2 protein chains.
Amino acid sequence: MKLTDARHQFISNWGAFGTHWGINRTMAQIHALLLISPDPLTQDDIMEELNISRGNTNMNIRELINWGLVDRVLIPGERKEYFSAEKDIWKVVTQIVKERKKRELEPMLQLLDRLEAVEGDKKDPQVKTFVETISSIKKLGKQADRTLDTMIKAEESWFVGALLKMFK
Amino acid sequence: MKLTDARHQFISNWGAFGTHWGINRTMAQIHALLLISPDPLTQDDIMEELNISRGNTNMNIRELINWGLVDRVLIPGERKEYFSAEKDIWKVVTQIVKERKKRELEPMLQLLDRLEAVEGDKKDPQVKTFVETISSIKKLGKQADRTLDTMIKAEESWFVGALLKMFK
DNA sequence: ATAAATTTTCAATGTTTTTTGAAACTTCGG
DNA sequence: CCGAAGTTTCAAAAAACATTGAAAATTTAT
């Protein structure tokens, strides 16, 4: 397979993959493009490569920066801004986990805390089932939260090593 | 908080949560409703409770059945079909992991295998960066694949215990 | 300070996804 | 076999989400 085809396939599949995980296609594609680009790119490079508008490009680059997956790079003597993606995949995963934990898991755990305190007779099957469901989700969620915290702090080598040992 | 409010809040938030993870709102809401219902429900119960149409209800129940999260329950002497969700949250997570692995991770790994075999001079920075990116994603993906396989086979108690030990 | 270059914003538009509801189909009791 | 009850399908409508592009804002060089 030729590089050009391979690059296109990667970008397009990475985009489709993103949509299954609640990430918009363009954002995932820009990320893919930057991941496989040896040097930083400008907004115009990205627009041209992916055939998308200036506005769209701009918004999604900013979103990637918010997620901590892309950095602005200043090239001395150049007026334009350049962008580059973190290439270390372990750091990428860590960063995504960190953000999703903060944006989704933590608010969900707060909600569950509130819901667990529902009024009512514990002998009522509706109340009983509700409380049991909420409690068990909360329990699992808290466990996940702790596990992810440790993972975020961990080094890749340590993590992979530990996993290999753990899951023989 | 009253049970009715708590139920509504849970259903609505669980639905919103789903949309951040590539799961459609209604599917997540039906799942939430069944999780907190002590007894199996009919299609009509669900339609009424969530204020959704018959077609929508039917499609999403079937999808939940495909995912292995909901079962048809036959009640002797009743003509209608009843539905109930698996209540053991560990089993729910295991089942979701299993399906997403099959539907998403495995096809992605196959793609990466093909892309890694790109033609071209490894000294060309474009080729070099492409191959390195693909390889490192593949490596992480394969690791995840193995880890998830083990997790799927594991018992909750074993898993939680192992994690606690692992992440002190 | 000016103006050219660049970036950002956002209302309008386009696209994709979800939902509806009525018709077609299936199942089952008599 | 018939008809009522129940389930499924799917084209059309609605809603949600993404994209465009041109105008406004900002930045920088002179």
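What you are looking at is a predicted structure, and each value in this text was computed from that prediction instead of being measured.
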Query raised in the report: 5'-most contact on DNA chain D: A:Asn51 or B:Asp44, nearest heavy atom basis?
Result: B:Asp44
Query - Separation of atom CD1 in B:Ile61 from atom C1' in D:dT9, rounded to whole Å - result: 15 Å
Report summary line: Closest to the side chain of B:Arg62, out of C:dT8, D:dA18, D:dT9, is D:dT9
Query raised in the report: What is the distance from atom CD1 of B:Ile36 to atom CZ of B:Arg7, rounded to the nearest 0.5 Å?
Result: 4.0 Å
Query - Whole-Å distance separating the CE atom of B:Met59 from the C1' atom of C:dT20 - result: 11 Å
Query raised in the report: For D:dA16, does OP1 or OP2 lie under 4.0 Å from any side-chain N or O of B:Thr19?
Result: no
Query - Selected nucleotide, minimal atom distance to B:Ile52 side chain, candidates D:dT7, C:dT7, C:dT20 - result: C:dT20
Requested in this report: Establish, with yes or no, whether the OP1 or OP2 oxygen of D:dT19 is under 4.0 angstrom from a side-chain nitrogen or oxygen of A:Thr26.
Outcome: yes
Query raised in the report: To the nearest Å, how far apart are B:Ile30 CD1 and C:dT19 P?
Result: 9 Å
Report task. Quickly work out the A:Leu74 CG to C:dT6 P distance and round it to whole Å. Result -> 14 Å
Query - Between P of D:dA22 and CE of A:Met47, the distance in whole Å - result: 12 Å
Query raised in the report: Do A:Asn58 side-chain atoms and A:Arg54 backbone N/O form a donor-acceptor pair below 3.5 Å?
Result: no
Query raised in the report: Side chain of B:Asn58: nearest nucleotide among C:dT19, C:dC10, D:dT8?
Result: D:dT8
**Report entry** Lys/Arg N to Asp/Glu carboxylate O, A:Arg103 vs A:Glu99, below 4.0 Å
**Finding:** yes
Query raised in the report: Quick one: which of D:dT8, C:dT8, C:dC10 gets closest to the side chain of B:Arg54?
Result: D:dT8
**Report entry** Rounded distance (Å) that lies between atom P of C:dT27 and atom CD of B:Glu78
**Finding:** 19 Å
Query raised in the report: Please give, in whole Å, the distance from D:dT20 C1' to A:Asn56 CG?
Result: 8 Å
Query raised in the report: Is any N or O donor-acceptor pair between the side chain of A:Arg79 and the base of D:dT27 shorter than 3.5 Å?
Result: yes
Query raised in the report: Hey, what's the ring geometry for B:Trp21 with B:Phe17, parallel, tilted or perpendicular (30° and 60° as the breaks)?
Result: tilted
Requested in this report: Decide if atom NZ of A:Lys142 counts as having more than 12 heavy atoms of other residues, nucleotides or ligands within a radius under 6.0 Å.
Outcome: yes
Report summary line: Closest to the side chain of B:Ser53, out of C:dG21, D:dT8, C:dT6, is C:dG21
